[in-house]
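Following: one structure in structure tokens, then a few remarks.
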Amino acid sequence: MDVLEGLDPEQREVAQAVRGPVCVLAGAGTGKTRAITHRIAYAVQTGVVEPQGVLAVTFTTRAAAELKQRLRRLGASGVQARTFHAAALRQLSYFWPRVIGGDTPQVVESKLPLLVEACRRMRRNPDRGELRDVASEIEWAKVTQVGPEDYPAAAVKARRTPPIAPEEVARLYEGYEALRRQRNLIDFETILELTAAVMTEHREVAGQIRQQYRYFVVDEFQDVNPLQKLLLDTWLGGRDDLCVVGDPNQTIYSFTGATPHYLTNFAVEHPSAAVIRLVRDYRSTPQVVTMANRIMARSPHRLELVAQRPAGPEPVFTEYDDEGAEALGVALTVKKLMADGVPAREIAVLFRVNAQSEAYEQAFADAGVSYQLRGAERFFERPEVRQAVVLLRGAARAADEGEPLAPAVHAILSGIGLTPEPPGGGKAREKWESLRALAELAEDMASEGGTLGGFVAELERRASEQHAPPVEGVTLASLHAAKGLEWDAVFLVGLTDGMVPIVYAETPDQVEEERRLLYVGVTRAREHLHLSWALARSPGGRRARRPSRFLDGLSHRTTGVARPERTAARGKKPAAPLHCRICGKTLAVAAEQKLGRCATCPADYDEALLERLRAWRTGAAKEAKVPAYVVFTDVTLQAIAERVPTSEEDLLAIAGIGRVKLERYGDAVLELCRGADSVTGE
């Protein structure tokens, strides 16, 4: 078998570079797995190394299994392909009885049970959502080799946003470690630490491991953290038969301690290294590749991809009035693609945070499109959502019929973690986003006169529709969960500033990581790429959002569609807070912002005009075959009746009315208002 057959020139160069050090900079879709498997097979075939002497390190068991399968087909059975943790645990389990004595410590699958106990010993009330974020902080500290006593200073320096005070995290970290040691337990980070320590302290162990493994290949090297690098260096023991593969432009896990520094500085650490670039993109059409290259045009480590596939459709940029319209529009476009022959399993909708999934779960359920959620629980299966629904159901049974919906829901959700301002990130942020999604749905229903009982019934309806048995269908996933995957058609949704980049990305490095995240999303698409955003959260809402800054200069260059005039210019100051036109108080509730006044402030309005507006809205909704609130919400009609606008400018000044609504309904509304003026003699 000629293992070099079928390789392109750069892949062949990788395969023939059988002696290290070798650094392969591989762009998305350039066949890096093909290149490194053929390199290993060629080294085995030419007698450079025995199969048992190779350790190929990956980041997922799926990737390791794929490597083994490909190597078997190439005649290189016997090569070890494992994750860092699997390889280290195998070695630690083998040597522990000999050099330490006794059974190998039991591996802790989750840090939460020990953290709960540490909390109780500190007389803290454990909150599992909060503790999940604390566990992430401990993992970051351990992989970056930061002890409990140094955590507060290190967290400040790294601009971490822990869920509780850094000093409290340090105390929990210390308590967790004490409990772990007392019970002879090891976690995933300790596995790596102990393996490196055993090799360092016991020369015979190091000698035996180094005798076995002489040839190292590490995939996804941009995601290596300091602890993994320490273990890799210990395995090598000063040798340099090492091949690393990665793409610095796909570094999206810095928050876990990963750093591209080891990849980008590989040639500095190994001056004799061969550096080979793979840039021929076999995955995506030239149109998708061009988009990816433009997004990363300013990256210092840019790899200019060269498309190898035939031309395909241009990327589609779509702006929607609100999130519901965006989800519905995506669902309908997906149905059209499926009707045109694209299988559901080859379509993905990718979003920035898991809380965004609810709108798409609902839209696909309504459209009769099967879907599967990857990397997260379905919205109504999330613990915080289940807890909220139980509490709301109980409250609905005891509620007075006239109790206002939105304040009642806010009061309940505030008791389980909904705060006025969101937490910085992590699991706490995800929980907050889920609760906030429920609160905003309640605000929308309240503007239509909904009750608490009706709200609970709506939640239960949505939950039942979204709890269908899992079937093969369209993939819904976060951008992080999509890494390493690909589809024929990809929809990147919710691309607004504040979401991509996420609002808590504050430093230049954090913002650039968000840009790389968008790049990862774009490069998942083989042929069809759709990018979209919504200007408001809910129908009739204030259009305060702007498309992601990462799309600046892209949409019109790829589709010929100019950026909408109503979109704020980059760098423009955020809109000023809205104040009650009667008492001057800052308005924070969406319904009050639409009215332009506090709900408790008195306001005169023309009741006859309001009735005429409602009658007109009913007809307009029937004609358009949409719910009445899609035309205008009750609150917006109330605001019109109170202000009686006489011009387009007056209409645009009412929150909930933008250019699109003005074009569709402005003339009719102004005609109704002019009729009110003639009756009153104003």
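Values below: every heavy atom of this structure, side chains too, minus hydrogens, waters and symmetry copies. Keep in mind that this is a model prediction, so the values were computed, not measured.
Note on Arg120 versus Glu117: no salt bridge recorded, every NZ/NE/NH1/NH2 to OD/OE distance being 4.0 Å or above. Between Glu323 and Arg545 there is a salt bridge, with a side-chain nitrogen of the basic residue lying less than 4.0 Å from a carboxylate oxygen of the acidic one. Under 4.0 Å is where a charged nitrogen must lie from a carboxylate oxygen, and between Arg612 and Glu607 no such pair does. Note on Arg543 versus Asp321: salt bridge recorded, some NZ/NE/NH1/NH2 to OD/OE distance being below 4.0 Å.
Shortest non-hydrogen contact noted between Ala482 and Arg524 is O-CD, 3.4 Å. Summarising the geometry of Val330 relative to Ser532, their closest heavy-atom pair is CG2-OG, 4.3 Å, with the distance given to 0.1 Å. Of all non-hydrogen atoms in Ala439 and Leu418, the two that sit nearest each other are CB-CD2, 3.8 Å. In plain terms, the two heavy atoms of Ala408 and Leu452 that are nearest each other are CB-CD2, 4.5 Å. Nearest approach of Val520 to Leu479, heavy atoms of both residues: CG1-O, 4.4 Å. Closest non-hydrogen pair, Trp487 versus Leu485, comes out as CH2-CB, 3.6 Å.
A ring-centre distance under 6.0 Å is found for His480 and Phe255. Between Tyr371 and Tyr360, the distance separating the two ring centers is not shorter than 6.0 angstrom.
The NZ atom of Lys335 sits 11.5 Å away from atom OG1 of Thr333, with the distance rounded to the nearest 0.5 Å. Taking CG from Leu495 and CZ from Phe550, the interatomic distance works out to 10.5 Å, rounded to the nearest 0.5 Å. Taking CD of Glu361 as the start and CG of Leu373 as the end, the distance is 5.0 Å to the nearest 0.5 Å. Considering CG of Leu492 and OG of Ser548, their distance stands at 10.5 Å, rounded to 0.5 Å. The line from CZ of Arg124 to CG of Leu115 is 10.5 Å long, rounded to the nearest 0.5 Å. Taking CG of Leu551 as the start and CG of Leu518 as the end, the distance is 6.5 Å to the nearest 0.5 Å.
Side-chain polar atoms of Trp533 and Glu326 form no donor-acceptor pair below 3.5 angstrom. A donor and an acceptor atom, one from each side chain of Gln510 and Glu514, are nowhere located under 3.5 Å apart.
Judged by distance alone, with hydrogens and angles left aside, the side-chain atoms of Gln356 form a donor-acceptor pair with the main-chain N or O of Val353 at under 3.5 Å. At least one donor-acceptor pair under 3.5 Å links the side chain of Ser414 to the backbone N or O of His410.
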